[in-house]
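These notes concern the structure reproduced below.
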Amino acid sequence: MAEFNVLPDGVSAEDFGNAIEEFAAIVGDENVFVAADNLSSYNKIMIPADSDDHAASGALAPASTEEVQAIIGVCDKYIIPVWPISTGKNFGYGSAAAATRGQLILDLRRMNKIIEVDAELGTALIEPGVTYKQLKDYLVENEIPLWLSPPAPSALVSPVGNAVDRGVGYTPYGDNFFMSCGMEVVLADGQVLRTGMGSMPNSTSWQVFKWGYGPSLDGIFTQSNYGIVTKLGMWLMPQPPAFKAFVIRFPDDADIERAVEILRPLRINQIIPNAVVIAHALWEGGAEVVRSDYYQGEGSISDEAVETMKSDLGMGAWNIYAGLYGTPDQIELNWNIVKGAFEGSGAIIQEEEDMVGNASFEYRAKLMRGEMTLKEFGLYNWRGGGGSAWFAPVAQAKGPEALSQMELAKEILGKYGFDYVAEYIIGWREGHHIIDLLFDKTNAEETAKAGQCFDELLREFSERGWGSYRTNIAYMDKVADTFGPVKKDVNQRIKRALDPKGIIAPGKSGIYT
Ligand code: ADP
């Protein structure tokens, strides 16, 4: 009998061995991974948690919806849980690893077909393994003038993975789930559901009308474990005739209040139509320089060191990256409104022509026009040691709340000796307050402190009614608890109805059968 490193909970080595043979008959031997060496890429996590607690029993890479259905049949027979990933990057949220130990990773990267792009309607239908780069290349090669809205680790990741985990990009189509339209989902009983108009045979409007008829179901397949998304419809933004990127810099940390107050009406009224980033100095600097160039002392980086870095790099404490889109005339009109709104605020406004050769500006400008860049990975060198966990509370787009969240986060991070490396992404009426808790994962003591710090952030923010929009695999139960017992109960009842044996991704978002 084969030796297995990790077995799914309650499954004997013999049963697991038999299941693996059945899986191999479905996807081919070369697409079944059980040896420890072949699983290392699925087990590497950056968060402050023990990778053993999340270790995979194996991984499978199917090539079609039919293969996924057949896999689910075998999982049902042996009660083996599968954790679907699209490209499995999910950096700082758990990478490709599952919420609990012993799950089989269902790696959908081979399902990478661009099924349809409708250039007139600005829609696409794609499989989970399609990456942003692949889709962009397709649009360029076929001279289709539509833009994507990738998240920061753009080129490598998939629109499907990002949308189903409710990630964001930086163009006017920044909220990726909001801009999705229609899903194909494999359920735990092996049936295939098409949401919205897609349930109707021969529907012509699956990718153009979200709601279909009756209850709208797409949302329940995001950040959840109710099904495996095997196709997703997307709305793509027509390339505008002109685009103007700019940055507005405020000198002091406390200016976040003013920045958000001025921005809110510009966003709500669509003068600035994109998902705007307000990057804090340490985020901005972290993509350019390393911490040890400025600070070697104990605890969080000192205010003096931050000031030196800000002046060396010409940054503000807060740096607003935004864009204008439309015809040159529309842009000029809106630019005057934007400049007027910030007049007298103490902010410095810089346009593209002022920023030629500035790498940070170029990277932000690229993201705002839906292009690929990997520059944000520079952040991981800021402190060194490879540890990163995103703490991601939502704030309403009001200055005093943005300021209070910043103050609380800085205080808690400071207690544990960590830096406030953060940005706000201003959507329609809220800010995703994205805080990168960076730590040295090679240092056990620092890793334990990072875990305690994350716990305290979560506790203190939740007490004030500030909930997380997304979290990593080690904190899913705890974040689910912060949303109260009724939500948890309903989540579980849906789970039991759709997946009574708990085959799909147990523990995702704190949901179990
Ligand atoms: P990316 O590599 O695009 O950042 P991932 O593939 O890591 O995204 O997906 C992020 C998370 O979303 C996964 O951990 C998983 O919980 C969920 N997920 C991804 N793809 C699917 C899918 N096709 N069906 C259901 N859930 C998925």
Side-chain angles (χ1 to χ4, degrees), residues 41-47 54 56 59-62 64-65 67-69 71-72 81-100 103-113 126-135 148-169 176-177 180 183-188 192-193 195 217-234 372 374 376-377 390 392 469-476 479 495 498-499 503-511:
S41 69
Y42 298 103
N43 290 337
K44 247 184 230 143
I45 51 176
M46 306 173 82
I47 56 174
H54 303 276
L60 306 174
S64 66
T65 300
E67 288 187 11
V68 173
Q69 289 177 275
I71 288 169
I72 283 293
V82 283
W83 180 269
I85 57 169
S86 289
T87 50
K89 300 299 181 242
N90 215 17
F91 300 110
Y93 288 114
S95 307
T100 62
Q103 300 198 37
L104 258 185
I105 306 298
L106 190 63
D107 183 339
L108 302 173
R109 76 187 127 107
R110 290 177 64 229
M111 292 178 64
N112 62 355
K113 283 198 278 302
I126 59 166
E127 290 188 330
V130 172
T131 62
Y132 278 101
K133 166 129 183 26
Q134 184 188 344
L135 190 51
L148 305 179
S149 191
S154 52
L156 308 168
V157 308
S158 66
V160 176
N162 200 264
V164 299
D165 228 23
R166 300 206 293 260
V168 293
N176 285 322
F177 171 56
S180 71
M183 291 175 171
E184 178 186 89
V185 188
V186 175
L187 302 171
V192 176
L193 169 72
T195 64
L217 298 176
D218 299 61
I220 72 164
F221 297 107
T222 63
Q223 287 193 3
S224 90
N225 50 17
Y226 300 151
I228 297 159
V229 178
T230 46
K231 290 185 181 66
L232 183 79
M234 297 168 71
M372 315 290 137
L374 296 179
E376 194 160 287
F377 287 106
W390 304 106
Y469 100 95
R470 184 179 183 184
T471 201
N472 69 64
I473 51 169
Y475 282 83
M476 289 182 167
V479 171
K495 179 69 175 167
L498 291 179
D499 183 10
I503 299 303
I504 301 175
K508 176 73 183 175
S509 299
I511 307 168

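Here, residue 1 is the first one in the sequence, and each next residue gets the next number. Just so you know, ligand 1 is whichever comes first in the structure, and atom 1 is the first atom listed for that ligand.
With hydrogens and angles ignored, the 3.5 Å screen pairs a side-chain donor or acceptor of Asn43 with a backbone N or O of Ala56.
Note: an N/O pair closer than 3.5 Å links Ser158 and ligand 1 by distance alone.
In this structure, Val160 and Met183 have side chains that are not in contact, with every pair of non-hydrogen atoms separated by 4.5 Å or more. Between Ile473 and Asn90 there is no side-chain heavy-atom pair separated by less than 4.5 Å. Side-chain contact between Met476 and Thr471: present, with at least one pair of heavy atoms (C-beta onward) separated by less than 4.5 Å. Gln69 has its side chain within reach of Val192: a pair of non-hydrogen atoms, C-beta onward, lies under 4.5 Å apart. Inter-residue side-chain proximity for Gln223 and Ser509 is flagged as met; some heavy-atom pair is nearer than 4.5 Å. Annotation: side chain of Leu135 is in contact with side chain of Leu148 (closest heavy-atom distance under 4.5 Å).
Not a single heavy atom of Ser224 sits less than 4.0 Å from an atom of ligand 1.
Both the backbone and the side chain of Val229 come within 4.0 Å of ligand 1, counting heavy atoms alone. The part of Lys508 lying near ligand 1 is the side chain, judged by heavy-atom distances below 4.0 Å. Under 4.0 angstrom from ligand 1, the non-hydrogen atoms of Leu108 all belong to its side chain. Proximity of Trp83 to ligand 1, defined as any heavy-atom pair under 4.0 Å, is confined to the side chain (atoms from C-beta onward).
Looking only at heavy atoms of the protein, atom 27 (C) of ligand 1 is closest to Val164 CG2, 3.5 Å. Atom 1 (P) of ligand 1 has its closest protein heavy atom at Thr87 OG1, 3.5 Å. Scanning the protein heavy atoms around atom 4 (O) of ligand 1, the nearest turns out to be Asn90 N, 3.2 Å. Of all protein heavy atoms, the one closest to atom 20 (N) of ligand 1 is Ser86 OG, 2.7 Å. Atom 5 (P) of ligand 1 has as its closest protein heavy atom Gly88 N, 3.5 Å. Of all protein heavy atoms, the one lying nearest to atom 8 (O) of ligand 1 is Gly161 CA, 3.7 Å. Remark: minimum distance from atom 15 (C) of ligand 1 to any protein heavy atom is reached at Pro84 O, 3.3 Å.
If you number the atoms of ligand 1 from 1 as listed, the ones under 4.0 Å from a heavy atom of Gly227 come out as 25 (C).
Expressed to the nearest 0.5 Å, how far CD1 of Ile71 lies from CG of Leu106 amounts to 5.0 Å.
Between Trp390 and Tyr93, the two ring planes are tilted [angle within 30° to 60°].
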